[in-house]
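Note sheet for the following structure.
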Protein chains: 2
Amino acid sequence: MDPEGAATRTSVQARTGGSGTRRRGEALTGAIGLATLEELARTSFEELSFDKIAAAAGTGKAALYRRWSTPAELVLAALTDPATGFGDVPAAPRTGTLRADLIALLTRLARALEEPRGRALRPLIAHRHRHPELFEHVHRLVIRPHLEVLLTVLREAAERGEAAPERVTERVASVGPRMITLEAWECDQMDPREVEAVVDEVLLPLVQP
Amino acid sequence: MDPEGAATRTSVQARTGGSGTRRRGEALTGAIGLATLEELARTSFEELSFDKIAAAAGTGKAALYRRWSTPAELVLAALTDPATGFGDVPAAPRTGTLRADLIALLTRLARALEEPRGRALRPLIAHRHRHPELFEHVHRLVIRPHLEVLLTVLREAAERGEAAPERVTERVASVGPRMITLEAWECDQMDPREVEAVVDEVLLPLVQP
DNA sequence: TTCTTAGTGAACCATTCTGTTCCTTATTGC
DNA sequence: GCAATAAGGAACAGAATGGTTCACTAAGAA
């Protein structure tokens, strides 16, 4: 059913790091992590295998088996990594205005959704019933932290008088990320002005005092 | 990678219609359509095969090949069918109040998302880049019509003075369906009061004049 | 009752897939 | 330079997959 056939070579095939031909240590695990997320984004978790990841990373299966025993382990490690995944926690920008804070946060999310780490979330969320443990990590690593920081931003805006206190809820905080996420999923290419439009047309009118 | 193994028999295995043992005509195609959507919901389009659909529908592959030449054809037919798919077009409820209209429409959507037809949309949307022609039909059959009828509802509410005219935009109209869609995808079980909460906590404050 | 059509179950066969293993050799540290 | 380690490529073996085909027979019409 997959019209694309076998995994194709990606840019990670270009050997990087050092002047040699073989990667070792962090260079190799980094490339493997990135290839994992790209392969996951390209297909789905169920279609993921060490064979495919190894091919995409330009390495041998044995190197993968030496470090991780299942693809799930590997996916989790890649997602948790601060460099390739979501190991970095989003922080409130504190620009001083609600509009700028929202734009900064949602722009950051939109960018992440276009990277391998963000694109890899799609199959994990869409197929959550098939691997609930992995989805749980997505929720803890990505969804939850974004919601929390948006709540913080809304709370502080309410204190400054920029937002109505009764609008500081999780449901309201989830509107932005959900709009951006589905926009990214439903459209070929997200317009760079989409974030500003969502903020100006939906979020600010919604929370205004 | 799929932890669930082979396709399991579903309720469509129970032979229905008439007192005989074999289904013919519409009874068989209906069961095949439903099994297709359920199998699609359970796994993904790439993992879909005539072999699996036939097994899920309790019939033989030859019966499928006699009618459709590819799973894509079959999926499209099932989605377009008024009984099993989205062949019925949503209409503006025209209850007289914006709140009731929104609740009626979004409740209808939430219910559809829980049925096989709605659950089948998830892999089609999440993997749109792998079968753009199918996604295009989803957009035309489901996403677009829901957006249009919500726009109609907003427009009429604005005329009645229930909504601000500048809030009658596609982006604002897309907030409800997107909130409901991701709520359905991210949570095990959608709380029946979720629709009312989205309407009262997000949509009405957003559009109020 | 007879004849035609198509539904059902299963067999067939070539291909694909993936965990396991092994050999060669690049890399690193002493 | 040498020894130890592990990276990379490939082979292996068995299972799974899915399109194709066929034989039997249920169902429906005349």
Side-chain angles (χ1 to χ4, degrees), chain A residues 1-10 12-36 39-40 42-75, chain B residues 1-9 12-33 35-36 39-40 42-75:
Chain A
M1 252 328 90
D2 189 341
E4 292 184 9
T8 53
R9 299 283 170 148
T10 68
V12 299
Q13 295 305 295
R15 300 287 162 77
T16 61
S19 53
T21 62
R22 287 183 184 181
R23 297 153 300 181
R24 288 173 83 102
E26 176 55 40
L28 181 61
T29 54
I32 290 170
L34 186 58
T36 301
E39 197 63 20
L40 174 55
R42 211 180 64 81
T43 57
S44 66
F45 183 72
E46 286 67 41
E47 291 166 272
L48 208 51
S49 65
F50 271 6
D51 193 52
K52 284 180 187 154
I53 297 168
T59 188
K61 284 185 277 191
L64 268 58
Y65 280 107
R66 195 171 286 128
R67 295 169 168 77
W68 305 279
S69 53
T70 65
E73 252 188 67
L74 178 43
V75 165
Chain B
M1 247 332 88
D2 189 342
E4 293 183 10
T8 54
R9 300 283 170 146
V12 300
Q13 295 303 298
R15 300 289 163 76
T16 60
S19 53
T21 63
R22 287 183 185 181
R23 296 154 300 178
R24 289 175 79 101
E26 176 55 38
L28 182 60
T29 54
I32 291 171
T36 300
E39 198 62 20
L40 175 54
R42 211 180 64 80
T43 57
S44 65
F45 183 71
E46 284 68 39
E47 293 167 90
L48 208 52
S49 66
F50 271 6
D51 193 52
K52 285 180 187 155
I53 296 169
T59 188
K61 283 185 274 190
L64 269 58
Y65 281 106
R66 193 170 288 126
R67 295 169 168 80
W68 305 281
S69 51
T70 65
E73 252 188 67
L74 177 43
V75 165

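Chain naming here is simple, since letters A, B, ... match the order of the sequence lines and numbering starts at 1 in each. It should be emphasised that the depicted structure is a prediction, and the values quoted were computed from it without experimental measurement.
- Rounding to the nearest 0.5 Å gives a distance of 11.5 Å between CD of A:E39 and CG of A:L34.
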Output, in order, the C-alpha distance, side-chain angles, deciding distance and verdict of side-chain contact (heavy atoms from CB on, under 4.5 Å) for B:T59 and B:R23. CA-CA 9 Å; B:T59 188; B:R23 296 154 300 178; 4.1 Å; yes

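- Position along DNA chain C of the nearest nucleotide to B:L28 versus A:F50 favours B:L28 as the more 5'-ward residue.
- The distance from atom NZ of B:K61 to atom CG of B:D51, rounded to the nearest 0.5 Å, is 4.0 Å.
- The CG atom of A:L48 lies 6.0 Å from the CG atom of A:L40; values are rounded to the nearest 0.5 Å.
- In this structure, CD1 of B:I53 is placed 15 Å from P of D:dT17, rounded to the nearest angstrom.
- In this entry the distance linking CD of B:E26 with P of D:dG28 reads 14 Å, nearest Å.
- The base of C:dG19 sits within donor-acceptor range of the side chain of A:K61, with an N or O pair under 3.5 Å.
- Of the listed nucleotides (D:dA7, C:dT18, D:dC22), C:dT18 has the atom at the smallest distance from the side chain of A:K52.
- For the pair B:Y65 and B:R24, both in contact range of DNA chain D, the more 5′-proximal nearest nucleotide belongs to B:Y65.
- Protein atom CH2 of B:W68 is 10 Å distant from nucleotide atom P of C:dG7, rounded to whole Å.
- In terms of phosphate contacts, B:R23 brings no side-chain nitrogen or oxygen within less than 4.0 Å of OP1 or OP2 of D:dA27.
- The separation between B:E46 atom CD and D:dT17 atom P is 16 Å, rounded to whole Å.
- We find that CG of A:D51 is positioned 13 Å from P of C:dT16, with the value rounded to whole Å.
- With C:dG7, C:dG19, D:dT21 as the choices, the nucleotide that has an atom nearest any side-chain atom of B:A63 turns out to be C:dG7.
- Per the geometry, CZ belonging to A:R22 stands 11 Å off C1' belonging to D:dT5, to the nearest Å.
- Rounded to an integer number of Å, the gap from A:E47 CD to C:dT16 C1' is 13 Å.
- The CD atom of B:E47 sits 5.5 Å away from the CD atom of A:E47 when rounded to the nearest 0.5 Å.
- The nearest whole Å value for the distance from the CG atom in B:L64 to the C1' atom in C:dT8 is 12 Å.
- Proximity of A:T59 to the phosphate of D:dA7: no side-chain N or O atom is located under 4.0 Å from OP1 or OP2.
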